[in-house]
Amino acid sequence: MDETKYDRTHVVFVKIPASMQDTFESGPESGTQAITDILDHKDLDSDEIEEFAWPVYDGMIFGFRAYTPTRQSTSQQTFQDISRGESLPEPLSTTYATLQNELPDSLTIRIGSLPMGIFGSQPSLGTRVVMNHDNQKPAKRDKVSGADANALFEDLSGEPFLYHASYRKSSGLPESHEYQVTVRVFLFDPTYRISTETEYADCLRYGRELDPADSFSELGTTSSLAVIDNGYYIPPLDYNNVMSAADSLPHFSSAKSLINGDTEFDKMRRGHYGASDTLEDRCAYTSLLAREIDLEHYVGLATIDPSVDPWQRAPQAYGLDIDDVGLDPDEIMPEEVTIGVDGPVDETEFDQAPATANDGSSVHWEAIKKVAVAFDAEGYDVHIVTQDTGSRPDLWVRNNDGEIFAVEVEYRTKSKAGSFYTNIIRQAVWGYKTITVMVPHTDDDGRTEDLDKLGQWALNSLAVPMKDLEATKTLLHNCSGDIVVDGKTMLLPEGVDEAKWWLTCENEYLLIHDGTVLARGDATDPFQAFDFNVPRYYKDGDRYIVEDQHGTKLAAYDDDSEIARPTLRPCHRPVDLSYLRFVESLYCYDTEAEELVHQERTAHWDVEQASSRNEKSHQQAFETFLVDHKNDDPVLEKDCRPFIKDWIATLSSHNHPGNNIYGEYRNDYYSRKRISTEMGMEHSYPGASFRYERGLVSPDLPGLETKPSFPEKWDVAEEDVLKEPLIYGLDDRSDVGSTVEDETDT
């Protein structure tokens, strides 16, 4: 049992005994009020509430937990009762207090840590309620009443199941009192498990024995299982063979986890809001849109009275009663359960309010083709780059004057800021002119991102390519991929879900969690040369070995997917404090008009009044690019002022600031003093430094493996397009030694 790994979730629990079925009539309404109160809580910024429900032999257990937009959560190992007077973390404390106030006094509210491994390593059947393509409107009350959680509980009475609903409220929804509801149901009775191709062929011929999503059919919904099933067929005269009706669907031998819903189950246990890419490609809407008056039907605080203990019908599952909440899993688990983790998730699932991620190569490719058509309509000569050319951009375009630009098509870069900057660094190294095009994302409910907001995000990200700012260090965005040192893949310690890399003004990268430094290295060293105080894993024969930083063996697995620790993601390694000057023009693609919309690059402080404009622009610049640093080398004004002046000019329609702005309108963001230098008395900023050295170049910098190539039909000399590097302080690109194989995005 030493190698057993458990995913835990910190939840407020409520038990509804079967004996209360006749008297507990206000449960759904009370639960609805609790959810809306938590989401509307003035002092707590929550954007999602999850509800878990599962049957036990004499009733139902419900669990609630709320998330902040950054998906921060805590864990505790043992049962904790509020009467003990111990403080609870947010948003759990507010969730507990709200449920106490809204639910009947006859119910006992308890807090505990639920090990998701209790429900087994895999379900026998997992389904997700999804919308049909022609249903984009909020669910109406008269439809919901016949297709709700209570109806589902009645349909599944006597079945071992885990019901999971996610309630999200977003400012982007059509009305202020509408909610996104995502419903998943997992059955654990082996009767429903599809294990062989013959069994699946019978399923396609005669239908599934049970599909929980049928309880919601009146809403015009279907299930993820039905969506997948529609992609397969049985050829004539071969009743035991299953063929894929779509090229992107894998053969049954490699698609069982998709067909059974195991993939969805693993993602749900790790806090993923979205479905798999394969499902998203086939289903336009993966959330119900409900009005507040209809929300009570989905909360469904009802009871069931199973004729048998449902968990006795599923030997691999174990029904957790409320008295077991928070107990050590070793005390209640009949056998070892391991939970596979196929890698850490991007910051889009933990640092934002979570969304489905389906922007794979096919979606990106479609965006590239649409943007190419738009440039062609504008009169440009367009060339789409393919992978085997060795070129970096998505497109090359040439205007009537013969001027050539590289075009980077960015789709869903709001969740991949690190890759966004990496693409721009490539052009900064080679020195060619670049146009960036932002393609808006259409969400699960058919709404497209606002172009102005998308363009403003891109502009802000280019101007300040930093995830967070502190007085002495800078938090960077993470990139995809793993860090491998001497054949061993670095892992995050237990309980750490996200890598937080900081860069100091002393040119040092620090991986910090709760004040503890887990890794560190020089800004110009490769990751392989860093010092890591984290566990790592490697393959030894047919086994995968996990060891700590001292080489002590922690566990061994048959497959690396069983390792329950996220791998350590590298951070984006910046080359400049601002990437504005690396981009010639910024556009957004209007999906409805199918045309390019030029984005004006102006900051919020770019107002008509010069005194206010100068004051606010310099205040933002100094606060953004300088940090407190007690050193003997103050920042000279001659090194600092030109950079800030150019940065302000790029973001202003009034050109660069005047030379006399250091007069009566300027505050002392940093004390400005005269010092003696070899050149005489000069202004400087003692006690300050740039956030990180300008022109940082690391061996991990991408973009130098291959030289950009141009279409042969253009017959242009490379030296006429490729200029000197744009990176500050880099005289020649030969000074950059890249040691890491680059990953293309196209």
Side-chain angles (χ1 to χ4, degrees), residues 171 405 407-408 410 413-414 417 420-421 423-424 427-428 433-440 449-469 474 477 574-590 595-627 635 637-670 672 683 685 688 690-692 694 726 728:
S171 58
F405 301 88
V407 178
E408 281 292 349
E410 305 293 349
T413 46
K414 292 173 71 174
F420 182 36
Y421 302 131
N423 292 339
I424 297 174
Q427 290 112 55
K433 294 184 177 181
T434 304
I435 297 174
T436 296
V437 180
M438 307 299 297
V439 178
E449 286 181 288
D450 182 85
L451 295 186
D452 291 337
K453 293 182 179 179
L454 180 61
Q456 192 61 44
W457 176 89
L459 178 60
N460 293 339
S461 300
L462 292 171
V464 186
M466 310 160 188
K467 188 174 182 180
D468 197 8
L469 308 175
T474 305
H477 294 276
V575 300
D576 208 328
L577 298 172
S578 168
Y579 285 39
L580 274 174
R581 63 195 183 96
F582 298 162
V583 176
E584 191 81 8
S585 300
L586 177 64
Y587 290 88
C588 284
Y589 178 74
D590 189 330
E595 61 184 15
L596 299 172
V597 180
H598 187 265
Q599 299 297 303
E600 295 295 335
R601 298 199 292 180
T602 56
H604 63 88
W605 39 256
D606 188 37
V607 294
E608 189 69 28
Q609 186 178 1
S611 60
S612 176
R613 180 177 68 251
N614 286 330
E615 175 65 26
K616 292 180 179 178
S617 64
H618 281 79
Q619 180 178 4
Q620 184 187 17
F622 276 80
E623 291 176 349
T624 299
F625 301 121
L626 297 187
V627 295
V635 177
E637 189 170 282
K638 68 176 183 180
D639 296 331
C640 174
R641 175 167 165 73
F643 164 71
I644 290 181
K645 189 176 180 180
D646 290 343
W647 182 79
I648 293 175
T650 308
L651 290 170
S652 174
S653 57
H654 300 278
N655 210 333
H656 60 75
N659 292 326
N660 62 345
I661 58 94
Y662 287 97
E664 59 181 303
Y665 296 114
R666 185 195 173 281
N667 291 327
D668 286 332
Y669 314 112
Y670 282 92
R672 181 168 173 262
H683 282 110
Y685 302 97
F690 276 117
R691 285 199 167 269
Y692 45 82
R694 295 183 62 195
L726 303 178
Y728 177 84

message = What I want to find out is whether R581 reaches D576 closely enough, with some N-O distance under 4.0 Å, to be called a salt bridge.
response = yes
Smallest heavy-atom separation, L459 atom then L580 atom, equals CD1-CD2, 3.8 Å
- Check whether any side-chain heavy atom of R601 lies under 4.5 Å from a side-chain heavy atom of V583, and answer yes or no. yes
Problem - Y685/F622 aromatic ring centres below 6.0 Å - result: yes
Scanning both residues in full, the closest heavy-atom pair of V607 with R613 reads O-NH1, 2.7 Å
Is the shortest heavy-atom distance from the side chain of Q619 to the side chain of W605 under 4.5 Å?
-> no
Rounding to 0.5 Å, atoms CG (L626) and CD1 (I644) come to a distance of 5.5 Å
#### Entry: Flag, side chain of S652 to backbone of A649, donor-acceptor distance under 3.5 Å
no
(Q) Could you tell me if the side chain of E449 sits less than 4.5 Å from the side chain of M438, heavy atoms only? (A) no
**Asked** Just by distance, do the side chain of Y579 and the backbone of S461 share a donor-acceptor pair under 3.5 Å?
**Response** no
- Message: Donor-acceptor check, side chain of R691 to backbone of T624, threshold 3.5 angstrom: yes or no?
- Response: yes
Could you walk me through whether Y421 and V575 satisfy the side chain to side chain contact (heavy atoms under 4.5 Å, CB included) test, starting with their C-alpha distance in whole Å, then the side-chain angles of each, then the deciding distance to 0.1 Å, before giving a yes or no?
CA-CA 10 Å; Y421 302 131; V575 300; over 6 Å; no
Check: Under the side chain to side chain contact (heavy atoms under 4.5 Å, CB included) criterion, do L577 and M466 qualify, and how do the steps go?
Finding: CA-CA 8 Å; L577 298 172; M466 310 160 188; 4.0 Å; yes
**OP:** Would you tell me whether Q456 and D452 have side-chain atoms, one donor and one acceptor, within less than 3.5 Å of each other?
**Re:** no
Working note: Y589 + L596, criterion side chain to side chain contact (heavy atoms under 4.5 Å, CB included); need CA distance, chi angles, decisive distance, verdict. CA-CA 5 Å; Y589 178 74; L596 299 172; 4.1 Å; yes
**Asked** Are the ring centres of F625 and F643 closer than 6.0 Å?
**Response** yes
**Request:** Ignoring hydrogens and angles, tell me if any N or O in the side chain of D606 forms a donor-acceptor pair with the backbone of S653 under 3.5 Å.
**Result:** yes
Here the gap from L586 atom CG to H598 atom NE2, rounded to the nearest 0.5 Å, amounts to 7.5 Å
Note: A463 and W647 closest approach over all heavy atoms is O-NE1, 3.3 Å
Nearest heavy-atom approach of I648 to S617 is CD1-OG, 3.5 Å
Heavy-atom nearest pair, A688 first then V635, reads O-CG2, 3.4 Å
Please test I424 against T434 for side chain to side chain contact (heavy atoms under 4.5 Å, CB included), starting from the C-alpha separation and ending with a verdict. CA-CA 8 Å; I424 297 174; T434 304; 5.7 Å; no
Result for side chain to side chain donor-acceptor pair (under 3.5 Å) between Q427 and one of E408, K433, E584 points to E408
In this structure, CG of D468 is separated from OG1 of T474 (nearest 0.5 Å) by 9.0 Å
### Query
With no hydrogens and no angle check, is any side-chain donor or acceptor of Q599 less than 3.5 Å from a backbone partner on V597?
yes
Scanning both residues in full, the closest heavy-atom pair of P642 with E637 reads CD-O, 3.7 Å
